[in-house]
Amino acid sequence: MFDSDFAYSFRKSPVAVASAIIALILVVAAVFAPWIAPHDPMDVASLSLLDSFKPPVGMPDADWSNVLGTDNQGRDVLSAIMYGMRISLLVGFLSVLFAIVVGIAFGLLAGYAGGITDTILMRIADVQLTFPSILTALLVDGVITAALPRTMRDALQIYVIIFAIGISLWPNFARTVRGSTLVERNKDYVMAARVIGVPSWRIMLSHVLPNVIGPVMVIGTLGLGLAIIAEATLSFLGVGLPPTAPSLGTLIRFGDDFLFSGQWWVTVFPGLTLILMVLAINLLGDWLRDALNPRLR
Amino acid sequence: MFGFIGSRLLQAIPVLMVVGFIAFALFAFVGDPVSILLGQDHTEAQRIALVHQLGLDQPFYVQYVKFLWTCLHGDFGVSYRLAQPVGSLLAERLPATLELAITASVLAFAIGVPMGVYTGIHRDSLLSRVFMVGSLMGVSLPTFLLGILLILCFSVALGWLPSFGRGPVVHVGSWWTTGFTSWAGIRALILPGITLGLFQMTLIMRLVRAEMLEVLRTDYIKFARARGLTNRSINFGHALKNTLVPVITIIGLQFGGIVGFSLVTETVFQWPGMGLLLVQSVAVADIPVMSAYLLLIALVFLLINLIVDLLYYAVDPRLRIGR
């Protein structure tokens, strides 16, 4: 996949290069936040109410120690964003991974086995696809949270969210994998493997799977954007992660309360970061789709 | 025609049964209505009496059939949070959600279709490129963030439009309320309508554009040009008409999406609709509201799919002969 054609088409696309650079900067800022963030937003002892609502640089009364200003508790907005991105990216990445694993498993099974297995799995996927994914995620999240004992909710919330978002995204992957599997199933190498007595699960995993994984990468990239938005939306609605681990969506929800008192920076900067992150990922995904599609070359 | 509708309705029954089963399973396995209703102090005899009164000592399938039966009579149980019947809670919020969804759909259709036609005809013009880049932005912009930015712009900074609520509403009939009759009610609809409709608008625009590009290449368009018809008659009378079947499908299916997505918009604008009720109920694990919403939304989706199928007949005469 990373042959010279691929690298060439990447260099030739300024949009792809720019998106990749932006995505890289954001990921580095998120991953290394504990070492490079100017302040530690999780350290309650270092917060001072005297520092609350400092405006960002460029406005009167601003100073360079809080470039993007501070929130109502004197927390540095830039540092909070960097820590928030860690959680947003982590949840987004893990939920897409979960959706990919479930989608590949069901897609391979439906495409390879065919018959009644195929009908049942794809009917479920079809019904689920008619519902908006955010609704599925919200209901799954709500039901599991309700079923958990109250004392364990906060600790397990992050896994619940990953599961809920992953479940809401799996049909996209399953349908793509099933479609490619249907094509691969009738090829000679599968027949050859079957004739020499390779078990079905081995044919699926080590022969069919490598040949259907390409399109999964593309929708996986676009799915990452969707998952990040879904997590931010759930956190904004107040049913996502606990406030002790604020993601970008939680930061936006906190800031939303101060919109009318004039402290717009508390919500606008996390919001812009979220848009930038999703836009960069979507543009990369778009480019990847075009680059991997031989018909468009 | 009637046979077709009949078969669609028959197909809908198993789907509703399954969704009903999920809704029932929520009731039966999540949360414990007995302890919620009894509170802290109770004797074992009281508990057994209540279990018997609620029918919880009966076999599983009897409870399921009973659940479906009460749902068919519009009785969805009592909200744990608000201690009111769920049916009337949803009914009083339904008009708000539907008016918002209709406004958003109309906006998306009225702006998206002309934009799509324009970008389809003048595919390389500067304005088309602006529309296309804008539509990519529209897809990447989370709904709730768009709402916040609109509030910041038009309510906080400019002060032109209200940022929350429905404004004054007027009662129509026994239970419907509408905000369409007063200027303040319409003003309250503008920002939420745009927030909810923008995603659909970009989708419709891209779809109409793609279909227009496809149709404009066909022979009958060339023939129409050879006949010397005006551009307007070709573009709108011949080309646009033939793009409408997929567009109607998408708009129909997306209307369901709009009803689902409205829960985000309703939270941002504190719109007193079903979506806001659902979000508040999920936050405190109010199971009866969640399962009733699930049933209702499944019904809405099935109805929409049926209407979309019927609209095909109206738009595409070829389908009428075959069946």
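- Between chain B and the residues A/T233, A/N282, A/V278, A/I144, the largest count of heavy-atom pairs under 4.5 Å involves A/T233.
- What you find for B/V282 and A/G142 is that their closest heavy atoms are CG1-CA, 3.6 Å.
- The 12-atom threshold is not exceeded at CZ of A/F93, counting heavy atoms of other residues, nucleotides or ligands nearer than 6.0 Å.
- A/L274 touches chain B through its side chain: at least one heavy atom from C-beta onward sits under 4.5 Å away, while N, CA, C and O do not.
- Heavy atoms closer than 4.5 Å to chain A are found in the side chain of B/L145, but not in its backbone.
- Closest of all the heavy-atom pairs between A/V239 and B/V279 is CG1-O, 4.3 Å.
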From CA spacing to verdict: side chain to side chain contact (heavy atoms under 4.5 Å, CB included), A/F236, B/V268: CA-CA 9 Å; A/F236 175 78; B/V268 176; 3.5 Å; yes
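- Interatomic distance, B/L149 CG to A/T267 OG1, rounded to the nearest 0.5 Å: 8.0 Å.
- Note: B/M290 CE to A/L138 CG = 7.5 Å, rounded to the nearest 0.5 Å.
- Annotation: side chain of A/I134 is not in contact with side chain of B/T143 (no heavy-atom distance under 4.5 Å).
- At a 4.5 Å heavy-atom cutoff, the contact between A/L139 and chain B is made by backbone and side-chain atoms alike.
- At most 12 heavy atoms of other shown residues, nucleotides or ligands fall within 6.0 angstrom of atom CZ in A/R123.
- In this structure, chain B has a heavy atom under 4.5 Å from the side chain of A/L283, while its backbone stays farther away.
- Residue pairs satisfying the ring pair (Phe, Tyr, Trp, His ring centres under 6.0 Å) criterion with at least one member in residues 132-163 of chain A, sequence neighbours excluded, are listed as follows: A/F98-A/F163.
- For a residue to count as touching a neighbouring chain, one of its non-hydrogen atoms must lie under 4.5 Å from one of that chain's; by this rule B/I258 does not touch chain A.
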